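Not measured: the values here are computed from a predicted model.
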Protein chains: 2
Amino acid sequence: MVRTIDGDARRKLLADTVWGLLRKGGLEAASVRAVAKEAQLSAGSVRHFFSTQDELHVFAMDELMQRTADRVEEAMREAGTAYSTSQPAERNLNQVRAGLHQLLPIDDESTANFQTHLQFVVKAVIHQPLQATARDSYLRLQKFYEDCIDRLVHSGAAAEDLDPHKAAQQLAVVIDGLLLRRLTAPELVSTDDVIAGLDEHLSNLHPEASP
Amino acid sequence: MVRTIDGDARRKLLADTVWGLLRKGGLEAASVRAVAKEAQLSAGSVRHFFSTQDELHVFAMDELMQRTADRVEEAMREAGTAYSTSQPAERNLNQVRAGLHQLLPIDDESTANFQTHLQFVVKAVIHQPLQATARDSYLRLQKFYEDCIDRLVHSGAAAEDLDPHKAAQQLAVVIDGLLLRRLTAPELVSTDDVIAGLDEHLSNLHPEASP
DNA sequence: CTCAGACTAACACACCTGTGTTAGTCTGAT
DNA sequence: ATCAGACTAACACAGGTGTGTTAGTCTGAG
């Protein structure tokens with residue numbers, strides 16, 4: 001090895017650059033040249049790390065999904081320690097809530113992230129190279145939702161006669177709906193509405209819920 | 001007037017062409033030349049009716065939204081006559097259900113429509129010229145949802161102590177969520193799931209609902 | 001000190017884009 | 001029959017795109 005720049009760091013920097021351009025102008029704005037310019041590199045340099053534009057885009061999408069997953073995991077761990085002295089039921093509920101909050105646009109940073117996310121997944125519907133990543137992402141998410149429901153049921157925060165599969169689906173629908181609406185109709189749905197929407201849904205799972 | 005081709009028909013034909021290209025390749029695939037070719041016209045001809053690309057795209061989006069609104073209205077009218085001999089409560093419920101079904105991808109045709117729809121609204125998030133249309137569309141939809149809740153409450157299909165605004169929001173979230181999930185994760189959400197998801201939500205509004 | 005090879009920069013190619021311009025063709029009211 | 005003007009077609013311009021190629025620069029192991 002000679003003259004070894006940290007390739008992984010470079011790749012991640014470029015992924016980050018793609019996110020910014022994508023959020024502001026769609027995937028088409030994240031051209032090789034535009035990314036290079038934004039990252040203060042030459043086009044040749046970018047293409048040294050990603051020999052193809054699709055490769056760059058796929059990597060950027062993968063990376064974004066991974067980051068989100070990491071954030072969820074960390075938020076749950078944090079909530080775990082924060083409520084380490086609480087009852088398991090309360091701890092579980094708060095962990096789930098903390099994890100799910102990471103999947104919603106609730107502040108400027110997460111809104112920016114999910115704007116990028118949305119552009120990616122919607123593009124993936126019609127752009128083949130992105131489909132595998134999109135598929136991985138939603139399969140993983142589905143598992144996560146099922147895990148959340150599991151935790152809620154086992155800790156008494158959700159009725160035991162719940163159909164876990166159905167409940168996970170509904171949870172996914174609510175989260176995706178809140179996401180899409182917050183991003184496309186921001187005048188009608190505030191970040192507070194988003195949080196309230198999720199919390200409402202969760203509290204309706206409580207066995208003693210519903211008047 | 002001389003040599004007057006039906007301009008409105010031409011415009012609608014071109015809008016239709018845009019939908020097809022958009023659904024398959026995103027807004028960027030609906031270039032002036034591509035649209036012209038697909039519609040078997042020359043580029044100059046297209047630009048005679050739309051002097052700018054944005055104008056064409058905006059018109060196409062407007063038209064799509066209008067068509068959807070028309071379908072909703074007609075479905076409700078149909079349901080009204082179909083249940084004209086029923087109790088008002090039952091008629092109202094079925095009208096609402098029929099209208100809302102028009103806002104979901106439940107068969108090949110509606111799936112295609114909403115693929116186009118989704119591409120439009122997500123592009124509108126970052127593409128200024130489309131924003132006014134998107135805004136009109138979601139404001140109109142919001143009113144429609146509130147109207148639906150109203151009907152349900154007044155006909156006893158929904159609890160009277162419901163917060164109408166909140167209920168309309170939740171309805172919107174469920175519908176948008178089902179839409180996004182069906183289109184981005186078709187393996188996880190079938191068209192039947194979509195219908196079931198909506199019906200479940202509606203039946204949970206019933207005053208005597210919840211065990 | 002050397003030099004393989006990781007990295008960068010620059011150019012070329014073929015193609016597509018929106019838009020402006022300009023000349024032509026056809027039609028229906030006069 | 002004429003002719004204004006709605007419509008069409010074709011070209012040009014300036015710029016952007018992905019990608020291939022090729023020559024150069026820098027560095028750390030030997």
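With a 6.0 Å radius and a threshold of 12 heavy atoms from other residues, nucleotides or ligands, Asp107(A) has its CG atom above the threshold. No more than 12 heavy atoms of other residues, nucleotides or ligands sit less than 6.0 Å from atom OH of Tyr83(B). Other residues, nucleotides and ligands contribute at most 12 non-hydrogen atoms within 6.0 Å of the CZ atom of Arg135(B).
Between the NZ atom of Lys37(B) and the P atom of dA9(D) there is a distance of 15 Å, given to the nearest Å. Taking atom CG of residue Leu14(A) and atom P of nucleotide dT8(C), one finds them 10 Å apart after rounding to whole Å. In this structure, CG of Leu27(A) is placed 13 Å from P of dT17(D), rounded to the nearest angstrom. Separating the CG atom of Leu13(A) from the P atom of dT8(C) is a distance of 11 Å, rounded to the nearest angstrom. dT19(D) atom C1' lies 14 Å from atom CG of Leu56(A), rounded to whole Å. Protein atom CZ of Arg11(A) is 12 Å distant from nucleotide atom P of dA6(C), rounded to whole Å. Whole-Å rounding puts the Asp8(B) CG to dA6(D) P distance at 15 Å. In this structure, the CZ atom of Phe49(B) is 7 Å from the C1' atom of dC7(D), given to the nearest Å.
Glu55(B) places no side-chain N or O within 3.5 Å of a backbone atom of Phe50(B) that could act as its donor or acceptor partner.
For His117(B) and Phe114(B), the ring centers are positioned less than 6.0 Å apart.
Arg47(A) has a side-chain polar atom (N or O) that falls below the 4.0 Å cut-off from OP1 or OP2 of dG20(D). Of the side-chain N and O atoms in Ser45(B), none sit less than 4.0 angstrom from OP1 or OP2 of dC7(D). A sub-4.0 Å separation between OP1 or OP2 of dT8(D) and a side-chain N or O of Arg10(B) is present. For the OP1/OP2 pair of dT19(D) and a distance below 4.0 Å, the side-chain nitrogens and oxygens of Thr52(A) include at least one atom meeting the criterion. Dashed line: the shortest gap from a side-chain N or O of Ser42(B) to OP1 or OP2 of dT8(D) is not under 4.0 Å. OP1 or OP2 of dT8(D) has not a single side-chain nitrogen or oxygen of His48(B) nearer than 4.0 Å.
The nucleotide dT8(C) finds its pairing partner in dA23(D), both defining distances of the Watson-Crick or G-U wobble pair being shorter than 3.5 Å.
Residue contacts shown for Ser51(A) are absent, as no nucleic acid heavy atom lies under 4.0 Å away.
Between dC7(D), dA12(D), dA12(C), one nucleotide has an atom nearer to the side chain of Arg33(B) than all others, and that is dA12(D).
Between Gln40(A) and Ala34(B), it is Gln40(A) whose nearest contact on DNA chain C lies nearer the 5' terminus.
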